[in-house]
Amino acid sequence: MINITLPDGSVRQYQEGVTSFEIAQSISEGLARNVLAAKVNDTVWDINRPINEDAAVQLLTWNDDLGKNTFWHSSAHLLAEALEELYPGIKFGIGPPIENGFYYDVDLGDRQFSQDDFAAVEKKMLELARNKSEFTRREVSKAEATDFFTEKGDEYKLDLIKDLADGTITFYTQGNFVDLCRGPHLPNTSFIKAAKLMNVAGAYWRGDEKRKQLTRIYGITFPKQKELTEYLERLEEAKKRDHRKLGKELELFTFSEKVGMGLPLWLPKGTLLRERLEQFLRKAQTRAGYQPVVTPHIASKELYVTSGHYEKYGADSFQPIKTPNEGEEFFLKPMNCPHHCEIYKTRPRSYKELPVRLAEFGTVYRYEQSGELHGLTRVRGFTQDDAHIFCRPDQVKEEFTKVIDLVLYVFKALGFNDYTAQISLRDPENKQKYIGADEAWEKAEAAIIEAAQEKELRTVTELGEAAFYGPKLDFMVKDALGRKWQLGTIQVDYNLPERFQLEYIGADNQKHRPVMLHRAPFGSLERFVAVLIEHCGGNFPIWLSPDQFAILPISEKYQEYAQQVKESLEQEDIRGYIDSRDEKIGRKIRDAEVSKVPYMLIVGEKEQENNAISVRKHGEGDLGSISVGEFIGMFKSKIAELLNN
RNA sequence: GCCUCCAUAGCUCAGCUGGUAGAGCAACUGACUUGUAAUCAGUAGGUCGUUGGUUCGAUUCCGACUGGGGGCUCCA
């Protein structure tokens with residue numbers, strides 16, 4: 001008998017060689033029907049694999065990420081089997097599960113594969129799934145594995161096998177399809193009841209652009225048809241929130257072929273939104289002791305030679321601007337920090353005045369690869385809500401904590417509740433890759449971790465993800481389509497103070513080198529606005545909404561009264577417009593609803609007589625008639641509620 | 001930058017296998033003077049992204065370019 005420890009801590013005894021499936025059966029029929037894989041100690045296993053010694057076992061179902069992984073991994077094999085049947089002789093790369101589904105990289109030879117072929121493949125997958133083919137695991141020797149794929153002529157699998165150690169290689173077979181695979185897999189294919197191919201794209205073999213490009217086929221599968229339907233509905237919903245679509249509909253921003261790709265043009269409404277965000281952060285930064293500065297859009301090449309960016313990025317940047325004078329070269333500013341270093345250096349600094357916090361909404365230009373551009377989230381010209389904090393080494397932790405506070409304040413005011421903080425530390429194996437003293441790094445890394453803990457952030461720690469000049473903490477959020485974006489960032493920098501020879505005079509009357517922190521709560525205004533649009537589906541918090549009200553006169557007889565109302569509101573800094581078109585009220589309401597104006601103020605005979613307005617809230621409907629003064633009071637207290645948290 | 005798909009009126013889209021384009025909305029004009037999600041009628045608007053080629057003839061077929069979508073690579 002062996003002891004099996006379950007996740008609730010209970011221990012059960014089973015015969016040696018018991019499978020996870022049998023364990024599930026012994027617990028409940030329902031569980032046995034739903035179990036997809038099992039975590040045995042720390043490895044995920046097939047549920048029909050015998051367990052021969054004491055172990056901790058966690059049964060995994062569709063509700064576990066690891067269960068889903070197994071489901072989708074097996075689905076990738078099913079996709080491969082279907083493709084092989086339909087297109088004999090094709091070769092296979094890798095086919096892993098991903099966050100939403102799975103993909104398989106295949107070499108289709110000269111064959112074309114497009115969306116038109118999806119239906120046939122989906123049909124074949126479901127047909128094969130119904131065969132209830134078992135996934136059988138088999139350990140093979142390296143020689144056998146090599147022989148198998150040599151005969152099959154699949155150089156990609158051979159390339160993979162080359163890097164595997166003999167004795168650790170396993171094959172999985174379902175139906176007629178044999179694949180090199182570590183597993184685990186579902187017991188059989190019949191669990192897969194719904195399948196949909198999502199996308200085809202090119203992907204280099206092993207992510208190396210010098211190697212052959214394979215066809216990557218993305219798909220997703222579910223244990224129930226209904227779940228697929230729901231998933232597709234969610235995707236439709238997400239598409240409606242796409243910031244590129246809403247940005248156009250709400251007239252926030254646009255792009256012009258003539259201006260150039262990746263260079264957004266902010267329309268009046270988008271500009272209002274942006275300026276309100278800036279004002280909001282400016283205020284918060286003033287409270288937090290930042291000093292605004294302004295620096296030009298171009299700078300002499302020498303600045304970037306000093307900062308080291310020229311050497312590292314010069315060739316991949318927008319190329320220099322030349323003047324009529326021989327040898328003079330200027331670069332479009334790709335970042336604000338070198339300028340801020342020069343501001344710091346403008347006079348000697350005492351330890352007493354540190355930290356110095358210099359803030360700038362600085363517009364920068366970076367030559368991003370054309371294929372990487374995407375709406376407002378990835379552009380070639382953007383404005384960072386940048387600031388650089390120059391402080392003493394002993395102030396790093398406190399400053400870090402203060403920045404986290406600021407970022408959390410911003411997130412909270414804007415309703416971002418779903419974010420994670422990624423802490424990027426250096427690779428402990430490769431310390432020589434990084435600039436700065438070992439001791440300083442250790443201190444800074446500890447400071448970041450402690451600060452994050454104290455603020456109770458949900459964090460993931462990535463070793464080796466630090467920049468060469470210092471560790472960092474990034475706030476990540478997801479957009480409507482589930483893509484992750486980095487918003488706020490806080491980075492420690494040991495490099496620039498060194499390169500710019502920054503100094504302060506310490507209490508000991510000696511020169512010391514300050515530590516520099518880069519930080520940007522929004523990251524860039526462009527990206528932040530994009531994520532915000534998707535986050536709220538275009539229904540901005542009222543303090544940010546470009547038009548905060550729309551006055552809708554019943555007929556043109558009330559135009560004059562509408563104008564009076566508008567002026568009263570504008571005096572209180574509430575912004576909006578009068579819809580004075582010659583249209584029926586129903587039409588005006590509809591158009592205002594579609595354009596997502598938070599408040600519609602209807603004025604007609606009754607309102608004019610009573611010196612009132614009828615308030616209709618976007619998405620909610622008629623709130624009844626109140627005086628303009630009452631409306632102003634309500635409006636202002638709503639904003640205060642959102643901002644003073 | 002690479003692979004792949006796409007490009008028709010301001011917007012959303014139709015246009016079968018090649019014979020120089022159509023709808024709805026928006027715009028403009030007129031009528032209606034309106035009470036909580038689209039009043040009616042009329043007018044105007046396109047060298048079918050650009051550019052080569054095939055053809056008697058190209059929005060339609062082929063190539064290149066530009067821009068966009070999806071992905072790969074990269075990201076101070």
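A note on names: the letters A, B, ... follow the listed sequences, proteins ahead of strands, and every chain is numbered from 1. Here the structure is a predicted model, which is why all the values come from computation and not from measurement.
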*Asks:* Counting only Watson-Crick or G-U wobble pairs whose two distances fall under 3.5 Å, which nucleotide matches B:A7?
*Replies:* B:U66
*Asks:* So, A:Lys606 and A:Ser625: side-chain donor and acceptor under 3.5 Å apart, yes or no?
*Replies:* no
*Asks:* With the stacking rule set at 5.5 Å and 30°, tell me whether A:Tyr313 counts as stacking on B:A76.
*Replies:* yes
*Asks:* Name the nucleic acid region contacted by A:Arg616, choosing base, sugar-phosphate or nothing; use a 4.0 angstrom heavy-atom cut-off, strictly under.
*Replies:* base
*Asks:* Could you measure between the two P atoms, the one in B:C72 and the one in B:A58, and give it in whole Å?
*Replies:* 41 Å
*Asks:* Any side-chain N or O of A:Lys588 below 4.0 angstrom from OP1/OP2 of B:A38?
*Replies:* no
*Asks:* Look at the side-chain N and O atoms of A:His374 and state whether any lies under 4.0 Å from the OP1 or OP2 oxygen of B:G70.
*Replies:* yes
*Asks:* Which whole-number value in Å describes the distance from A:Arg581 CZ to B:U33 P?
*Replies:* 19 Å
*Asks:* Across all strands, who's sitting opposite B:A23 as a Watson-Crick or G-U wobble pair, both distances under 3.5 Å?
*Replies:* B:U12
*Asks:* Does B:G69 have OP1 or OP2 sitting under 4.0 Å from an N or O in the side chain of A:Arg244?
*Replies:* yes
*Asks:* Between B:A31 and B:G69, how far is it from one C1' atom to the other, in whole Å?
*Replies:* 45 Å
*Asks:* Any base atoms under 4.0 Å from A:Tyr218, or only sugar-phosphate, or nothing? Heavy atoms, all strands.
*Replies:* sugar-phosphate
*Asks:* If you look at every strand shown and take non-hydrogen atoms under 4.0 Å, does A:Asp622 touch a base, only sugar-phosphate, or nothing?
*Replies:* base
*Asks:* Closest to the A:Tyr204 side chain: B:A37, B:G1, B:G35?
*Replies:* B:G1
*Asks:* Find the distance A:Gln369:CD to B:G68:P and express it as a whole number of Å.
*Replies:* 15 Å
*Asks:* Could you check whether A:Glu249 gets within reach of a base, just the sugar-phosphate, or nothing at all, counting any heavy atom under 4.0 Å?
*Replies:* nothing
*Asks:* Is the cationic atom of A:Arg527 (NZ for Lys, CZ for Arg) positioned less than 6.0 Å from the six-membered ring centroid of A:Phe522 and within 45 degrees of its normal?
*Replies:* no
*Asks:* Can you figure out which of B:A76, B:U34, B:C72 approaches the side chain of A:Lys584 most closely?
*Replies:* B:U34
*Asks:* With a 4.0 Å cutoff (strictly under), does any side-chain N or O of A:Lys248 reach OP1 or OP2 of B:C11?
*Replies:* no
*Asks:* Indicate whether the side chain of A:Tyr469 and that of A:Gln491 have a donor and an acceptor atom separated by less than 3.5 Å.
*Replies:* yes
*Asks:* Which is true for A:Gly586 with a 4.0 Å heavy-atom rule: it touches a base, it touches only sugar-phosphate, or it touches nothing?
*Replies:* sugar-phosphate
*Asks:* Could you tell me the separation between the NE2 atom of A:His309 and the C1' atom of B:A76, rounded to a whole number of Å?
*Replies:* 4 Å
*Asks:* Have a look at A:Thr215 and say if it touches a base, only the backbone sugar-phosphate, or nothing, with a 4.0 Å heavy-atom cut-off.
*Replies:* nothing
*Asks:* Could you let me know what B:U47 is paired to, Watson-Crick or G-U wobble, both distances under 3.5 Å, or none if it's on its own?
*Replies:* none
